[in-house]
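Worksheet: the structure to be examined is printed underneath.
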Amino acid sequence: PIENTVYKLFHKHVLFFLWALICFNEQNLYAATSSIPSLTPPLNARAGSPMTSDILLQLPSINTSPAEISWINNHKLIYVLPTKNNEQAKLRIYDLQSREYSDWGPGSIPKPSPNGQWIAYLKGTGEDAQLWLRDNTRGVTTQLSQISGGLSGPYKFSYDFIWLPDSKRIVLTYQPHTKPWEKKERPKSKIILINRETRRHQLLTEIDASVLYPAWLPGTDRIVFVKERGNYYDEEEDKEWVQSMNILNYSIETLVQFNGLQQFLQPTPSPTGASIALLYDADNPIYSYMLSIGLLSPVQITGSPKPVLNRLTREMQLNLPSWSPKGQHLYALRTYGAYSQIYRININTGSVKQLTSDPLTITTYALSPNGKKLAWIGEDAHGNHEVTIADSHGAQIKRLDKQSILASEVALSEVREIEWVTQDYPVRMRGLLVMPLHYKKGNKYPLIVDIHGGDAGDSIHLKGGVLVSTA
């Protein structure tokens with residue numbers, strides 16, 4: 001029986017590889033490979049009183065609610081920072097012109113309308129978790145969605161929502177969350193159109209698969225999304241499709257198909273809709289270990305039997321692609337070693353530029369509507385979350401906000417990013433070295449080593465800081 005199982009697994013993987021090879025034509029556009037980034041500067045130690053067992057036992061738990069940041073217009077930001085001890089996340093505003101902060105109360109995942117007048121956001125927990133709407137002109141908030149059981153499960157995997165260009169309608173994708181160990185049949189995903197003015201909910205379609213990463217395709221009446229049958233679906237092969245749907249006649253077209261678990265595709269249309277950026281593992285069709293960016297045309301090239309996917313980057317482990325307003329550059333987060341930084345890629349030349357280099361993991365970022373400003377939220381190894389802005393080249397950096405889960409009087413050590421050579425990996429490995437308090441060169445100190453296994457593309461997840469939480 002063991003030999004049969006091994007044979008079946010081997011046979012499945014070989015078939016996956018062959019099927020994936022014939023799903024689409026891949027061409028190298030530039031296949032830019034960025035140089036290995038330099039080590040980040042150390043995170044400085046903080047003076048204070050020593051850590052005690054009592055302080056450790058009283059440390060707060062860190063909620064898994066994500067940090068989010070968006071531009072309402074070219075001079076006003078809205079953002080959410082992770083909370084602690086089951087506190088509700090709160091919406092916060094910063095105005096670059098007046099340099100004033102405003103707190104808008106409980107809420108998360110804020111998404112401004114294209115005209116900047118409205119904010120759609122999530123409010124509540126459990127069955128009360130629904131989409132809400134804020135009128136920025138009058139400051140009035142109202143409940144927008146009426147989803148039975150609430151919007152449960154992880155954001156982007158169980159539910160997501162986007163504004164349409166008219167600022168009057170929102171597309172909500174939702175699949176009721178089920179726990180894998182319950183062995184229940186997965187419910188169908190729903191794509192729902194919500195009218196902001198009438199609050200009317202229109203079910204556009206139901207799909208027997210997970211529906212992920214909805215996005216508007218400019219210049220059309222279509223949205224694009226990922227249809228996924230993998231993980232929770234007990235089938236022989238995992239499959240992913242990038243599809244588009246016409247919201248007027250509900251027709252659905254497949255733009256590209258992957259036979260394998262390419263689970264972070266994140267289709268991101270360009271400002272004109274002429275190209276769609278995808279994140280996929282071009283060298284491993286079975287599973288997405290190392291993500292590259294490919295450019296896909298939403299209209300199949302005449303005479304080509306399969307869609308053409310132009311590979312733009314190589315071996316860079318990218319995430320969260322975002323287009324510049326004129327469509328000349330793609331911004332993305334790159335994870336290398338201990339931290340994630342913002343990069344900019346020229347789609348005409350393939351050149352790559354690193355824009356940030358502070359000792360922190362950037363978890364979310366946003367480019368202003370005019371493309372002149374960048375804003376981001378990052379977490380360091382002390383458990384601090386920082387909100388930062390800069391120009392679109394990563395210069396003129398300014399810290400806007402900082403949140404720490406540790407009392408300011410507690411002393412914290414210096415943390416260094418380090419690297420070393422290993423025999424079974426083509427580049428130097430990286431990690432974090434937490435120095436002893438009051439470290440003196442030449443002295444010997446006991447060392448605790450925390451090793452995490454994994455494969456190509458694995459990285460460190462801070463989740464509250466290495467001195468605050470362990471996983």
Side-chain angles (χ1 to χ4, degrees), residues 26-38 68-75 77 96 112 114 162 165 213 215-219 224 242 264-280 282 290-298 308-336 339-358 361-378 388-398:
E26 184 190 76
Q27 298 179 358
N28 286 332
L29 189 60
Y30 297 102
T33 304
S34 175
S35 59
I36 295 176
S38 301
E68 296 287 344
I69 193 165
S70 298
W71 291 87
I72 298 176
N73 50 43
N74 289 316
H75 63 86
L77 280 165
L96 276 66
I162 59 169
Y213 309 117
W216 178 253
L217 186 59
V224 295
V242 177
F264 304 107
L265 287 166
Q266 300 177 39
T268 307
S270 65
T272 63
S275 185
I276 299 174
L278 298 179
L279 289 176
Y280 72 116
M290 185 73 70
L291 296 173
S292 296
I293 291 181
L295 299 181
L296 175 70
S297 172
V308 176
L309 185 60
N310 291 311
R311 187 175 182 178
L312 183 61
T313 66
R314 186 182 298 275
E315 300 292 334
M316 288 183 63
Q317 189 63 335
L318 299 170
N319 191 23
L320 296 180
S322 177
W323 290 87
S324 63
K326 295 182 179 180
Q328 297 175 337
H329 295 91
L330 273 166
Y331 291 78
L333 293 180
R334 181 191 185 189
T335 300
Y336 191 95
Y339 300 117
S340 296
Q341 306 290 350
I342 301 175
Y343 280 67
R344 187 180 66 197
I345 305 149
N346 188 309
I347 68 165
N348 296 314
T349 65
S351 61
V352 177
K353 180 181 180 182
Q354 182 177 348
L355 303 182
T356 62
S357 57
D358 287 335
T361 289
I362 296 174
T363 56
T364 183
Y365 74 97
L367 189 65
S368 63
N370 61 11
K372 294 182 178 180
K373 293 285 186 181
L374 266 175
W376 64 87
I377 299 176
T388 308
I389 61 169
D391 64 25
S392 60
H393 304 284
Q396 301 179 9
I397 294 175
K398 180 182 179 181

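These numbers come from the heavy atoms of this one structure, side chains and all, not from hydrogens, waters or symmetry mates. On a predicted model such as this, the values are computed, not experimentally measured, just so you know. FYI, the numbering just counts along the sequence from 1.
Legend: residues meeting side-chain hydrogen bond (donor to acceptor under 3.5 Å, both in side chains) with Gln328, ordered by chain and number and at least two apart, are absent. Checked against side-chain hydrogen bond (donor to acceptor under 3.5 Å, both in side chains), Gln341 has the following partners two or more places apart in sequence or in another chain: Thr356. Taking Pro218 as the reference, Trp216, Pro269 meet the side chain to side chain contact (heavy atoms under 4.5 Å, CB included) condition, with sequence neighbours excluded.
Trp376 places no side-chain N or O within 3.5 Å of a backbone atom of Ala366 that could act as its donor or acceptor partner. Put simply, the side chain of Arg344 never gets that close to the backbone of Asn346: no donor and acceptor are under 3.5 Å apart. Checked by atom type and distance alone, the side chain of Thr272 never pairs as donor or acceptor with a backbone atom of Ser270 at under 3.5 Å. A distance-only check finds a donor-acceptor pair linking the side chain of Gln266 to the backbone of Leu320 [under 3.5 Å]. No donor-acceptor pair closer than 3.5 Å links the side chain of Ser392 to the backbone N or O of Lys373.
Put simply, CD1 on Ile362 and OG1 on Thr388 are 7.5 Å apart, with the number rounded to the nearest 0.5 Å. Taking CD from Gln396 and CG from Asp391, the interatomic distance works out to 5.0 Å, rounded to the nearest 0.5 Å. For the atom pair CG of Leu296 and OG of Ser275, the computed distance is 7.0 Å after rounding to the nearest 0.5 Å. With rounding to the nearest 0.5 Å, the separation of CG in Leu291 from CD in Gln317 is 5.0 Å. Between Asn74 atom CG and Leu96 atom CG the span is 10.0 Å, to the nearest 0.5 Å. The CD1 atom of Ile293 lies 5.0 Å from the OG1 atom of Thr313; values are rounded to the nearest 0.5 Å.
The side-chain heavy atoms of Leu295 and Ile276, taken from C-beta on, include no pair separated by under 4.5 Å. With contacts defined as side-chain heavy-atom distances shorter than 4.5 Å, the pair Leu265/Leu279 does not qualify. Between Leu217 and Pro298 the shortest side-chain heavy-atom distance falls below 4.5 Å. Put simply, the side chain of Leu355 does not reach to within 4.5 Å of the side chain of Tyr343, judged on heavy atoms. Between Arg311 and Tyr280, the closest side-chain pair of non-hydrogen atoms falls below 4.5 Å. At a threshold of 4.5 Å between non-hydrogen side-chain atoms, the residues Ile72 and Leu77 do not count as touching. In this structure the side chain of Leu374 never reaches within 4.5 angstrom of the side chain of Ile389, judged on heavy atoms.
The two residues Ser324 and Pro271 come nearest to each other via the heavy atoms O-CG, 3.3 Å. Summarising the geometry of Ile397 relative to Ala390, their closest heavy-atom pair is CG1-CB, 3.9 Å, with the distance given to 0.1 Å. Pairing each heavy atom of Leu309 with each of Gly294, the nearest pair is CD1-C, 3.9 Å. Asn370 and Pro325 make their closest contact through C-CG, 3.7 Å (heavy atoms, listed as atom of the first residue, atom of the second, distance). The minimum heavy-atom distance linking Ser368 with Trp71 is given by the pair N-NE1, 3.4 Å. Considering all non-hydrogen atoms of both residues, Tyr365 and Tyr331 come closest at OH-O, 3.0 Å.
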Item to check | Stepwise side chain to side chain contact (heavy atoms under 4.5 Å, CB included) check, Thr268 with Trp323 | outcome: CA-CA 8 Å; Thr268 307; Trp323 290 87; 3.6 Å; yes
Checklist entry - Could you walk me through whether His393 and Lys353 pass the side chain to side chain contact (heavy atoms under 4.5 Å, CB included) check? => result CA-CA 9 Å; His393 304 284; Lys353 180 181 180 182; 4.2 Å; yes
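If you check the side chains of Ser340 and Thr335, you find a donor sitting under 3.5 Å from an acceptor.
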